[in-house]
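Each remark here refers to the structure printed beneath this line.
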Amino acid sequence: MSVASIGKYEFEPLDKVENFHGNQLTYFNWEQHLLFCAPVCLPLPPEMPFAALVQEVLPGVYNKHPDFQKINWDEVTWTLDQADFTPDMGKSLADNGLGHKSLLRFWTPGLDGIKGSHS
Amino acid sequence: MSGKRKSKLGIKQRYSMLTRGLGWDTTYQDMDKVFPYDNYEGIIIHDWDGWEDPFRLTMDAYWKFQSEKEKKLYAVIDSFAQNNGHLGITDARYVNALKLFLTGVSPLEYQAARGFTHVGRQFRGVGPRVACQMQAIDELRHVQTQIHSMSHYNKYFDGLHSAPHMHDRVWYLSVPKSFFDDARTAGPFEFLTSISFAFEYVLTNLLFVPFMSGAAFNGDMATVTFGFSAQSDEARHMTLGLEVIKFMLEQDERNIPIVQRWMDKWFWRGTRMLALVAMMMDYMLPKRVMSWREAWDIYFTEAGGALFADLARYGIKPPKYADIATKEAEHISHQAWHIFYNYTHAAAFHTWVPEKDELDWLSEKYPNTFDKYYRPRLEYLDKEEKAGRRFYNDTLPMLCQVCQIPMGFTDMDDPTTISFEVSEYNGDKYHTCSLGCRDIFDYEPAKYVQAWLPVHQIYQGNCGGAEVPDVLKWYNFNLGADNLEYNGSPDQKLWDEWQAHRKKA
Amino acid sequence: MSRIVSITLQNNDDARPIIEAIEKDNPEATVNIYPAMVKIDCEGRLIIKQETVEELLGREWDVQELHLSLVSIAGNVDEEDDYFELSWNV
């Protein structure tokens, strides 16, 4: 529906990709590990290789969790924007299909958080 | 007994003469030109005189009673300050609830004053116009008395020094700020539905009543007094909320679907904002009156149930997703507290892990959820903190496009999995935390694509710099004092010194 | 379904005669005492009568003085010179 208004109602979205200085926003969530209260948001270059995301970005976000070192990355399952997804580690984020404000969720089988509480 | 009084006009006649009797229809200009904003929302009004004023308070009586309330309140504020009332509170942790109140709620009173001043001009009916004008004055009184009351705490405690500045900038304060921005940028009827009905009538009891009672229980005389002084106006505001709904519904049946949609929207927005109050009640009051769950049962399930049964005759249904909100009452305070625990290095108040007896209280009050989902995590966080590794989340969170809260709320049927919703609009993705927020986005995407989401603004470089400390300076935080864990804070140090002096004495 | 109307008053000297009057005129009402406030619930309907408050107070009492002690209400309001009533439509 359009907004009921007293005149023309057209405004620019505030978060267009051009506003992020060459980066695009990516959201991540490590499932069943709610010690981190919410998914996180990072501006990343679309040309970044997926492997760099796993090896450099995610440790900076999550390595405070005692489960993080135990992750077997070969067993991790992913979804990208709510569809099943198998990343190609050698390809860039963009070539893996990550766009501006894409949501990447990953599950780490066998790891169920602090005392099994999914935290 | 009535015979002994001087014969004068009855309350109804007096009220009618001093409100409607003072209004007139314009003749030099068309009424539609004088009141251009009261029909574009689609609400059809046939007869403005159909408006019933439940409280028949005339302006002279209004001034008389308000001045009495003020005199009482200022007597208490003075006595609180003269007697060092801050020493009488149960624990310095309590003051953190006031910090959240002063930065998050008091500026909303000012926003309300602006909103009601606007709509108090824009309705062509005299009854609602007078009610809105009185409420605008009330709201101004509320923000002033709250600042006055809490200024005493500002002499001693951190985080209370820059409330309006923080309200406009700080990430979690964008939650209440955007709520009111949304309401004030709607038309006058939606504004009254949002603030007077959904917020004041349906939900405000959850903020003021149990929380202020909690303030009393924790020895905070100043807050209780301003709280109840404000609340005595609130009963009048609530009836305005109920009246505007009945008025719209009685005027034309084409109004019904519009009113229902507004109720659904503002109920959901309100419950999201109240997540902050939920954690204040369950975590920030050292002595607890009732749990959030119990307050929800009394003030929403019971009182709201009777209200919506009353409105059913107009064809109005209880708000959409009320069932989800009721399920959330088991979880929301714990999830909200955890969000602030994660990011308290970027907050102007402290957080902490509750002490053992407090955890036991939560276990008792939340037998279905607390031990299973939340207690193990809190005990782990406590252990880490005591070992010198206080946990903070170093990465900025994903926010909901509508409520702007970090996406920390779970699917209520699967409480270990975050709830995700997404919409597409003009080729971009917009993420929301719940079906309630998604529906709101989907109905008016052109409005919500303009949301000033703090995390995205930081990444765009609009918030003082690229590093977190730059942003916190832009927020006007005193780093190391206003923010971080309560244990080891200057507030705690000062409080412990006072307690030691008291023991010695 | 229960149709409870409710009034919450401050627990102070001004409000006590009003609370007592409510109890007298609404025998089926339930009085819940919380820190600093009193919440009175009643099925369907609750009335405050000027006459009863005046008897208890020993002076004239304007029904609108209620505003000084009021914390919250639930129900439709009917305010008159000599009474204040809350009700749900049945």
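In what follows, every chain begins at residue 1, and chains take the letters A, B, ... in the order their sequences are listed. Since this is a predicted model, take the numbers as computed values, not measurements.
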Any side-chain heavy-atom pair from [X] and [Y] closer than 4.5 angstrom?
{"X": "A/Val40", "Y": "B/Pro397", "answer": "no"}
{"X": "B/Lys429", "Y": "A/Leu103", "answer": "no"}
{"X": "B/His456", "Y": "A/Phe20", "answer": "yes"}
{"X": "B/Val422", "Y": "A/Lys101", "answer": "no"}

Can you say whether [X] sits under 4.5 Å from chain A via the side chain, the backbone, both, or neither, judging by heavy atoms?
{"X": "B/Glu421", "answer": "neither"}
{"X": "B/Gln457", "answer": "side chain"}
{"X": "B/Tyr448", "answer": "neither"}
{"X": "B/Ala186", "answer": "neither"}
{"X": "B/Thr185", "answer": "neither"}
{"X": "B/Pro36", "answer": "neither"}
{"X": "B/Tyr392", "answer": "both"}

Checklist entry - Where do A/Asp15 and B/Gln460 land on the side-chain hydrogen bond (donor to acceptor under 3.5 Å, both in side chains) test, with the steps shown first? => result CA-CA 8 Å; A/Asp15 295 323; B/Gln460 288 183 32; 3.0 Å; yes
Top contributor to chain B interface from [options] [non-hydrogen pairs under 4.5 Å]:
{"options": "A/Val17, A/Asn23, A/Val61", "answer": "A/Val61"}
{"options": "A/Leu35, A/Asn19, A/Asn29, A/Leu42", "answer": "A/Leu35"}
{"options": "A/Cys41, A/Ser5, A/Pro13", "answer": "A/Cys41"}

How long is the straight-line distance from [atom2] of [Y] back to [atom1] of [X], given to the nearest 0.5 Å?
{"X": "A/Gln24", "Y": "B/Tyr459", "atom1": "CD", "atom2": "OH", "result": "14.0 Å"}
{"X": "A/His118", "Y": "B/Thr410", "atom1": "NE2", "atom2": "OG1", "result": "12.0 Å"}
{"X": "A/Cys37", "Y": "B/His334", "atom1": "SG", "atom2": "NE2", "result": "15.5 Å"}
{"X": "A/Tyr62", "Y": "B/Thr395", "atom1": "OH", "atom2": "OG1", "result": "7.5 Å"}

Contact part of [X] toward chain B, heavy-atom cut-off under 4.5 Å: side chain, backbone, both or neither?
{"X": "A/Glu31", "result": "side chain"}
{"X": "A/His100", "result": "both"}
{"X": "A/Leu25", "result": "side chain"}

Checklist entry - For the ring pair B/Phe420 and A/Tyr27, is the centre-to-centre distance below 6.0 Å? => result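 Ring centres of A/Tyr27 and B/Phe420 not closer than 6.0 Å.
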Next on the checklist: Using a 4.5 Å heavy-atom cutoff, which residues in residues 108-117 of chain A come close to chain B?
Outcome noted: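 Listed by number: A/Ile114, A/Lys115, A/Ser117.
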Checklist entry - So which bits of residues 79-86 of chain A come within less than 4.5 Å of chain B, counting non-hydrogen atoms only? => result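 Expected list: A/Asp81, A/Gln82.
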Checklist entry - Looking at B/Tyr37, B/Phe391, B/Tyr373, which has the largest count of heavy-atom pairs under 4.5 Å with chain A? => result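 Top count of heavy-atom pairs under 4.5 Å with chain A: B/Phe391.
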Over all heavy atoms of both residues, which pair between [X] and [Y] is shortest? Give the atoms and the distance, please.
{"X": "B/Gly461", "Y": "A/His21", "answer": "N-NE2, 4.4 Å"}
{"X": "B/Ala446", "Y": "A/Val3", "answer": "CB-CG2, 4.3 Å"}
{"X": "B/Asp394", "Y": "A/Lys64", "answer": "OD2-NZ, 3.0 Å"}
{"X": "A/Ala4", "Y": "B/Glu41", "answer": "CB-CA, 4.4 Å"}
{"X": "B/Asn393", "Y": "A/Phe36", "answer": "ND2-CD2, 3.8 Å"}

Next on the checklist: Take a 6.0 Å sphere around CD of B/Glu424 and say whether it holds more than 12 heavy atoms from other residues, nucleotides or ligands.
Outcome noted: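 Yes, because the 6.0 Å sphere around CD of B/Glu424 holds more than 12 heavy atoms from other groups.
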Item to check | Worked check of side-chain contact (heavy atoms from CB on, under 4.5 Å) between B/Lys447 and A/Tyr9 | outcome: CA-CA 9 Å; B/Lys447 188 166 195 183; A/Tyr9 197 94; 3.5 Å; yes
Next on the checklist: Quick one, B/Ile418 with A/Arg105, criterion side-chain contact (heavy atoms from CB on, under 4.5 Å). Give me CA distance, side-chain angles, the key distance, then yes/no.
Outcome noted: CA-CA 10 Å; B/Ile418 297 281; A/Arg105 303 170 66 182; 5.7 Å; no
